[in-house]
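One structure below.
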Protein chains: 2
Amino acid sequence: MKPALELLCKSLSRRDRLDKREIDILSSLNYKQMAFAKGAELISAHSRANSSCLVMSGLTARALMLEDGRRQLTALHIPGDFVDLHALLLKVMDHSVMAMDDCVAAFIPHNELIALTEQAPHLTRLLWLSTTIDAAIQREMIASIGRRTPLTHLGHLICELYLRMEVVGLAGGWRFQLALTQTDIADILGLSLVHTNRTVRDLRATGLVSWKNSDVVIHDFDRLAELAGFDATYLNLLSEPR
Amino acid sequence: MKPALELLCKSLSRRDRLDKREIDILSSLNYKQMAFAKGAELISAHSRANSSCLVMSGLTARALMLEDGRRQLTALHIPGDFVDLHALLLKVMDHSVMAMDDCVAAFIPHNELIALTEQAPHLTRLLWLSTTIDAAIQREMIASIGRRTPLTHLGHLICELYLRMEVVGLAGGWRFQLALTQTDIADILGLSLVHTNRTVRDLRATGLVSWKNSDVVIHDFDRLAELAGFDATYLNLLSEPR
DNA sequence: CGTCAGATTGATATTCATCAAGATCGGTGG
DNA sequence: CCACCGATCTTGATGAATATCAATCTGACG
């Protein structure tokens with residue numbers, strides 16, 4: 001099977017079992033693969049796309065720009081995430097999708113995805129599910145920005161990213177790569193760059209996490225989760241009939 | 001047609017045209033209607049439901065509770081919103097849904113909704129769409145909490161609620177009812193009660209909005225939208241093929 | 001060696017939370 | 001009718017959290 005579809009297949013089958021016919025339908029999808037350099041826009045706000053993209057490698061983020069040029073990142077997406085599935089239904093993008101690092105994405109035409117929804121209801125529900133999990137992650141993010149302290153917010157983010165990356169084989173042994181500058185982190189946390197820097201320093205000072213360049217090491221996940229009030233329910237990591 | 005289904009039908013047909021067969025399928029759904037007093041939980045976090053609810057009257061909100069008892073509201077839902085459609089796929093709720101005011105909701109069994117997805121792909125896409133619009137609203141909320149000032153955030157919220165309510169006929173003539181206490185507003189904005197009170201005072205001082213008890217009057221929508229950096233794209237108010 | 005992006009730190013101003021105290025208003029019982 | 005009560009709104013005072021400004025430091029790289 002072509003690599004992007006293999007990835008999608010694995011990603012969907014993590015939440016529920018796919019049968020042979022569904023796998024066939026998935027693997028018959030066409031797509032166009034594209035590479036993006038760090039900082040590039042995969043999709044720009046207010047555009048109308050006729051295809052949706054899946055992250056194959058690298059980190060991407062959804063970004064909302066304010067009139068004054070300030071930026072808020074509203075979601076981080078890792079390889080295997082069907083970032084832009086929202087565009088299939090929304091038609092006009094309300095935000096842009098940016099490459100936080102060099103990355104590769106696969107663009108699947110909307111007409112093929114629509115055809116899929118006509119033929120494979122269960123597969124459709126799994127795609128739908130992936131957008132509702134995105135929404136659950138966004139809710140948690142609202143709670144983090146609104147009510148958690150910067151330190152616990154950052155701890156929460158680390159817990160979430162570790163688990164999400166572990167599931168797709170990008171993390172393990174309590175360590176993972178996080179290719180984000182502190183400016184990027186600031187735009188995720190909704191803080192200033194300087195305060196973000198101090199928050200990272202405070203997190204290191206807890207001794208629960210080491211973080212140097214792009215290497216994050218979690219020394220005690222349970223205590224970090226406790227500090228951050230992290231409860232993985234919202235990630236829906238269990239496989240069950242959907 | 002039974003009232004809840006009538007409402008759902010109207011709500012979905014706002015974003016795309018429904019054909020006769022689809023309307024028939026919708027109107028054959030069964031549901032159980034329930035009333036909730038202000039402050040009650042329609043759905044509690046961590047529960048597993050076998051039905052999803054649609055708001056028929058009153059205001060509801062999604063709420064995330066932190067360990068220390070503090071609360072963040074992550075979405076407000078008005079009559080016509082299929083609040084809890086997320087539960088159809090998520091299985092375990094990551095948040096609770098609360099009645100912000102006395103309200104009535106219709107609970108539609110999951111097995112009937114699943115059957116609908118098996119028979120009516122286009123209808124399924126419209127239900128899916130409604131969850132992705134929720135997600136778009138949540139993204140805007142992340143940007144508001146993270147990067148807007150309390151005053152512009154509140155102004156943005158007023159613009160959004162006015163338009164959403166206008167579409168379902170609950171607002172008009174630049175006025176609407178908003179039955180929320182300032183404590184509730186604080187939990188939406190992610191601010192303290194006192195600061196929220198001062199923000200409401202500042203908003204009144206702009207002269208763009210009058211707000212007394214539950215009556216909100218917008219005196220100059222365009223200038224309010226400009227103040228708040230409000231752009232309605234994310235609400236997807238246009239009807240087009242999906 | 002110079003340059004540049006990113007990280008770090010100190011100093012200061014602004015924003016926001018918290019604490020404490022009224023004020024307002026609708027409802028309720030005498 | 002009036003006194004009282006609880007919920008909500010409002011305000012002032014204070015301290016903590018956060019933004020902003022301005023350097024400096026570090027490491028990668030041509």
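Quick note on labels: first sequence line is chain A, next is B, and so on, each numbered from 1. Predicted model only: the values in this text are computed from it and were never measured.
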**Fill in**
note: B/W211, atom CH2; D/dT8, atom C1'; distance rounded to Å ~ 14 Å

**Prompt:** What is the distance from CG of B/N213 to P of C/dA23, rounded to the nearest Å?
**Reply:** 20 Å

**Complete:** Here the distance between atom P of C/dA17 and atom CG of B/D187, to the nearest Å, is 12 Å

**Request:** Output the distance between atom CD1 (B/I43) and atom OG (B/S96), rounded to the nearest 0.5 Å.
**Result:** 9.0 Å

**Request:** For the residue pair A/L90 and B/Y234, establish whether any side-chain heavy-atom pair is separated by less than 4.5 Å.
**Result:** no

**Asked** Within this structure, what is the CG-to-C1' distance between B/L189 and C/dT15, rounded to whole angstrom?
**Response** 15 Å

**Asked** Which residue, A/R147 or A/V200, contacts DNA chain C at a nucleotide closer to its 5' end, judged by nearest heavy atom?
**Response** A/V200

**Item:** Salt-bridge present (A/E160, A/R164; N to O < 4.0 Å)
**Value:** yes

**Asked** Rounded to whole angstroms, how far apart are CG on A/L193 and P on C/dA5?
**Response** 14 Å

**Prompt:** In whole angstroms, how far is the C1' atom of C/dG6 from the CZ atom of A/R201?
**Reply:** 17 Å

**Asked** Rounded to whole angstroms, how far apart are CZ on B/R148 and P on D/dA19?
**Response** 17 Å

**Request:** Between D/dA19, C/dG6, C/dG10, spot the one nearest the side chain of A/K38, thanks.
**Result:** C/dG6

**Message:** Using the side-chain heavy atoms of B/V194, tell me which of these nucleotides is nearest: C/dA7, D/dC9, C/dA20.
**Reply:** C/dA20

**Message:** The side chain of B/S192 is closest to which nucleotide in this list: C/dA7, C/dT9, C/dT18?
**Reply:** C/dT18

**Complete:** Picking from C/dG6, C/dT8, D/dA13, the nucleotide nearest the side-chain atoms of B/R198 would be D/dA13

**Message:** If we count only N and O atoms by modelled type, under 3.5 Å, do the side chains of B/T152 and B/T149 hold a donor and an acceptor together?
**Reply:** yes

**Asked** From the list D/dT11, C/dA17, D/dT8, which nucleotide is the closest neighbour of the side chain of B/H195?
**Response** C/dA17

**Request:** Check the distance between D/dA16's P and B/L191's CG and give it to me in whole angstrom.
**Result:** 20 Å

**Message:** When you compare the side chain of B/L224 with that of B/Y162, does any pair of heavy atoms fall below 4.5 Å?
**Reply:** no

**Prompt:** In terms of side-chain heavy atoms of B/Q182, which of D/dT10, C/dA17, D/dG12 is nearest?
**Reply:** D/dT10

**Asked** Within less than 4.0 Å of OP1 or OP2 of D/dT10, is there a side-chain N or O belonging to B/N197?
**Response** yes

